[in-house]
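Here the structure comes first, spelled out in C-alpha cells, and everything after it is commentary.
Chain identifiers are assigned alphabetically (A, B, ...) following the order of the sequence lines, protein sequences preceding nucleic acid strands; residue numbering begins at 1 within each chain.
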Amino acid sequence: MSLRQSASLIIFLMGGCMILSLLLTAYTNVSSTDKGSAPNATQPSVTAPQDLLTPGTLTVGSDTTYPPQEFIDTATGQATGFDIDLITAIAQRMGLKTTIVPAGFDTIIDSLNAKRFDVVISAVAISNERKQKADFVPYFNAGASLLVQKGNPRHITSTSDLCGLNVGVQKGTVEQDYLTTADKACKEKHKSAINLTILQNQTDVVQLLATGRVVATYQDSPVTDYYLQQNAGRFDVGGSVVNAVAEGMAIRKGDTSMFNAVQTALNQLKADGTYRKLFKKWGIMSGELPLNRPQGVTGVFRWDIFWQFLFSPFFLRAAWTTLWISVVAQFLGVVLGLFLALMRMSRSPMLNWPARAYIWFFRGSPLLVQVLVLFDGLPRIPQAFGLDPRLWQAFVLGPITVVLIAFSLNEGAYMAEIIRAGITSVDAGQMEAAKSLGMRYALAMRRIILPQAARVIVPPLGNEFNNMLKTTSIASVIGLLELTNTAQIFGSPTFTTFELLLVATLYYLLLTTVWSYVQAWIEKRLDPNRTNKLDLQKKGWTQRVLGFGAADTRGAGTLVSGH
Amino acid sequence: MTAVAENGQAATQHMVRAEQIVKRFGSLTILNGIDLSVKHGQVVVIIGPSGSGKTTLLRCINHLEKIDSGRIYVNGELVGYRLVKGRMVESSEADIARMRAKIGFVFQRFNLFPHLTVLENIIEAPVHVLGQSKTEAKEYATTLLGKVGLAEKAHVYPHKLSGGQQQRVAIARALAMKPKLMLFDEATSALDPELVGEVLKVMRQLAEEGMTMIVVTHEMGFAREVADHVIFMDKAIIVEQGPPEQIFSQAQNERTRDFLGMIHEE
C-alpha cells in the first residue's frame, strides 16, 4: 500500500467513525435522559396543559444532585427523590408521562425560559428575584439551617457566628445569598470575612465538612436533616431553622395553562393524602429513612461501589459518549482547521484577516465560556432582538449539539495553526514543481503538499486528540453524561464520587492508551523512509504510552535525503 | 518524436519570443529589457555569472515569476497574461496551469515528490492534469524511465536514489507531459561532479531528438557541443549572443571574455 493510499484510508476510517457515531447519537440521547414512568392506574383528573415540548410528556428540569429531594438512584441510573415522585404524581394526574432532564442548578431558570423543559422541580426556594424570572407553585416549606461537626465544637448557632471561618455552600442557592449578606455584616462589625467555598454539588459541599475543610455548611433545612440522619453520629445542626420560605415548582411566566394544571393537581394530591405519603416515604423531618443501603460519609474506600460501577452500563455508555464526541469534534476541527490554515496563508486580506480574527478569538477565550455562551447565551438572542416567538426554539440547542459545535469551533483554531506549520514545513520547491507540471493550487495542495505536511501534522494532532478525550469533561457543566459527570452524578447520593472518579480515570486512561497505539501506527504509515519500522518495534511500551525513554525525533528530519 | 513533427509544420514560427522583459524585486532590477527568440527545435544555452538574472528569465517563461513589463509568447500564446483594452491582466489560474502543462521545467534541486515512488512521481500529472488512464500513463512512464536508464527503479522512493538518478527521474517526469518546450534551470549544479555526466547525456539525447530547449548551465562543454545558440547574460541584460563557436572562440564583449576566462581557470 502506498503512502497516499494509507492517508486516504485514515481519512476514510475517521469519516466512518463519525457516521457511525451520528447514527448512535439518538440512542445515547434518549437512554441517558429518559425517565420513562410506568403507566399508572390513576385516571387523569386534570386537563393537560397546552404547548408541551413533547406531546404526551411532561419534560422536567432538575439538578439531580440534591438528596433527598432529587438525586440519581445508583441502582437504576434513574432520577428519584421526593420532588421527582411529586412531579411524576402530578404528571399522572394530567395523563402525562415524565421525562427528567438533568440540569445545572445555577442556570436552571434560564434553561426553563429557553424552553429546554416545561417545568422545573429542583428545591428552588421562592425569592423576589426569582419571581421576576418565573412563576412558582409552592409545594414545600423549607428554611435554611447549618450543618456542623458533631458536638458543635465552635458553638455555631447562626450565620453571625461564621465571621472568619471556612464555610461551604452550593452554587446558586439562596443560602449562598444569605452568607453573602452575613459576610457584609461581619465586615460592618470589623470582623474577619467569611471564607466561602462554593461548589456545584451539595454532596461535595457536605464532603468538605466531613473532611474538615470547612466548619459548617449552609443548606435547606430538609437537606440538613437528611445528611444528619444519613451520617449518624458525625454531624449536628448548628442553631435553628431560619428564613423559612416556600420552595416552588417553576413555570415560565405567562404559561397559565401549565400553572393552573400544576396547581390543581397539587391540590388534589394534598387532598387525597398522596402528598403526605410522599413526605413519609422520603423521611423528610420524620426520622424514617427508606433507602435500603448503608450510606454516608466514610473514610473507607468503597471497593464494592468501585467494582459495581467499573463495568456498569452507565460508565460504558459514558465512555462511548466521551469517545464519539471526541472523534466527531476532532474530525470537524481538522476540516475547519484546514480551511482556516489555507485562508490564513492566503495573500488576500479578505481571507487572511477573518482567519486571524477567528484564531485569535477561539484560542484566546476559555472553552468553558464558549460552551456556556452557546448553551445559555444563544437562547436569549431572539428575545433580545424581538424575533417571532415561533423562531425561539431554533436558538435552543441541545447539550450534545452545543458541545459538538463549541468543541469543533475551538479545535479548529488550534488545528489551523498546526496545519499551517505543517504546510510551511514542506519545501517551497514542491509547490513550484507541482505548478510547473500544470497542477492547479487545489490539486497541488491535495496531492502533493498535504500528504507531506501530514507527517508534521500528525504528532501534534495526536496530542490534540488525546487532550480532546479529556476536555470532554467540560461538557459536564451542561449536564451531558460523559465520564466525569457520570462519576459525579452517580457518586453524589452515596458519597462515593471519589471512587467513581477513579473509575472514570481508568476509562480515560484506556481511551488515551488505545489512541497512542493508533497514533504510532499512523505515524509509521506516513513515514516515507519506513526505516523507523524497526525502531518502533524495538521501542518499549513504556516509551510509547508513558512517554519516557529515548527521544523520538522522527518529526524533525528533512523530507528528502540528498538535499 | 512529437517535437520533430511539429518542428516541420511551423518552422517559421518562433517557439519562444520575449520582448523587453523587465522584472524587479523591490528596488532591485533582475531583468532589464530582455529580448529573446527561440526557434522550434533549437537548443539555446544561457550562461553568465550568478545573479545575472538567467534563472529568473527561465522562471518567467513558465510564469513561476510575474513580470513587471514586456511580453512573453510561447508557441504564439501570451504567457501568464491576457490583453484587456491594451493592458496586461494576469490570466486565470486555470489558463496559467494549462499553459504550464505544455512546458517542461527541470529544477536545480530536482523537487521530486518524496511521498511518491518514482513511477508515481511520473504519472501524477499525466493522470490528474491531462486525465490519462493509469495504464496509459504507466506505459509511457516505463518507456521514459527506460530512456533515462532507470527502468529498474520504478517502485523506489526518491530518497533511495543518487542525485543524478533523481534528476533523471525529474526529466522523465517533465517529459511525461509531452511538452513542446523544456526549460533546464542549472540541472546539474546540485550534483556531485561524477554524477553530472549521466544527466548531461540524457539532455544531449533529448536535444538530438529535436526537443526545443532553453538551458541555464555552467557546463561550458555541454554548451559548446549541444547549443545552437548561446546567450551570455550579466547584470540583468543580455550582453552578447550568437552561435557557440563565436561566443567561445571570438567573443566581442570584454565581460563575456572575462567570464569565460574565469570559468576556464577553475
Side-chain angles (χ1 to χ4, degrees), chain A residues 1-10 342 346-348 422-423 425-458 522-533 554 557-563, chain B residues 58-59 61-65 92-117 119-130 155 157-167 170 173-174 176-177 179 182-183 185 190-192 195:
Chain A
M1 187 161 64
S2 79
L3 295 167
R4 231 177 329 106
Q5 284 167 325
S6 13
S8 320
L9 180 70
I10 291 157
L342 295 177
S346 158
R347 262 182 242 129
S348 154
I423 292 173
S425 78
V426 178
D427 187 80
Q430 292 291 310
M431 182 52 106
E432 290 197 337
K435 282 183 172 176
S436 77
L437 289 166
M439 298 175 88
R440 295 175 65 173
Y441 175 82
L443 181 66
M445 262 297 156
R446 186 164 62 81
R447 302 280 312 169
I448 306 300
I449 308 298
L450 288 176
Q452 295 181 57
R455 279 192 67 223
V456 180
I457 293 169
V458 164
I522 295 173
E523 284 178 29
K524 195 176 77 181
R525 299 238 52 108
L526 287 172
D527 186 348
N529 296 315
R530 301 279 178 93
T531 45
N532 293 298
K533 207 170 176 180
R554 265 174 301 148
T558 51
L559 290 166
V560 186
S561 58
H563 268 187
Chain B
L58 207 61
R59 290 166 61 84
I61 293 173
N62 78 342
H63 202 63
L64 281 178
E65 302 286 351
S92 71
E93 197 208 352
D95 284 342
I96 294 171
R98 243 192 306 279
M99 181 275 301
R100 283 188 183 129
K102 297 175 203 157
I103 304 173
F105 199 103
V106 178
F107 296 86
Q108 182 181 349
R109 286 163 43 119
F110 334 133
N111 293 345
L112 291 181
F113 306 133
H115 61 302
L116 303 178
T117 64
L119 192 70
E120 288 169 337
N121 260 277
I122 297 174
I123 66 168
E124 180 69 22
V127 170
H128 289 100
V129 176
L130 301 180
H155 301 291
Y157 282 93
H159 73 274
K160 298 278 190 197
L161 301 177
S162 74
Q165 290 172 326
Q166 290 195 44
Q167 193 61 297
R173 181 175 71 175
M177 297 295 285
M182 285 286 286
L183 308 176
D185 181 17
L191 298 177
D192 292 336
L195 301 177

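- In this structure, the portion of B:Leu64 lying under 4.5 Å from any heavy atom of chain A is its side chain and not its backbone.
- Within the 4.5 angstrom heavy-atom criterion, only side-chain atoms of A:Leu443, from C-beta onward, approach chain B.
- Residues B:His159 and B:Pro114 have side chains not in contact (no heavy-atom distance under 4.5 Å, counting atoms from C-beta outward).
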Evaluate the criterion side-chain contact (heavy atoms from CB on, under 4.5 Å) for residue pair B:Glu124 and A:Leu437; output intermediate values, then yes/no. CA-CA 9 Å; B:Glu124 180 69 22; A:Leu437 289 166; over 6 Å; no
As a quick check of understanding, evaluate side-chain contact (heavy atoms from CB on, under 4.5 Å) for A:Leu342 and A:Ile423, giving each step before the final call. CA-CA 9 Å; A:Leu342 295 177; A:Ile423 292 173; 3.9 Å; yes
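- When side chains are defined from C-beta on, A:Ile449 does not count as touching A:Tyr441, because their heavy atoms never get closer than 4.5 Å.
- Contacts between B:Ala94 and chain A at a heavy-atom distance below 4.5 Å involve backbone atoms as well as side-chain atoms.
- B:Arg173 touches chain A through backbone and side chain together, each having a heavy atom under 4.5 Å away.
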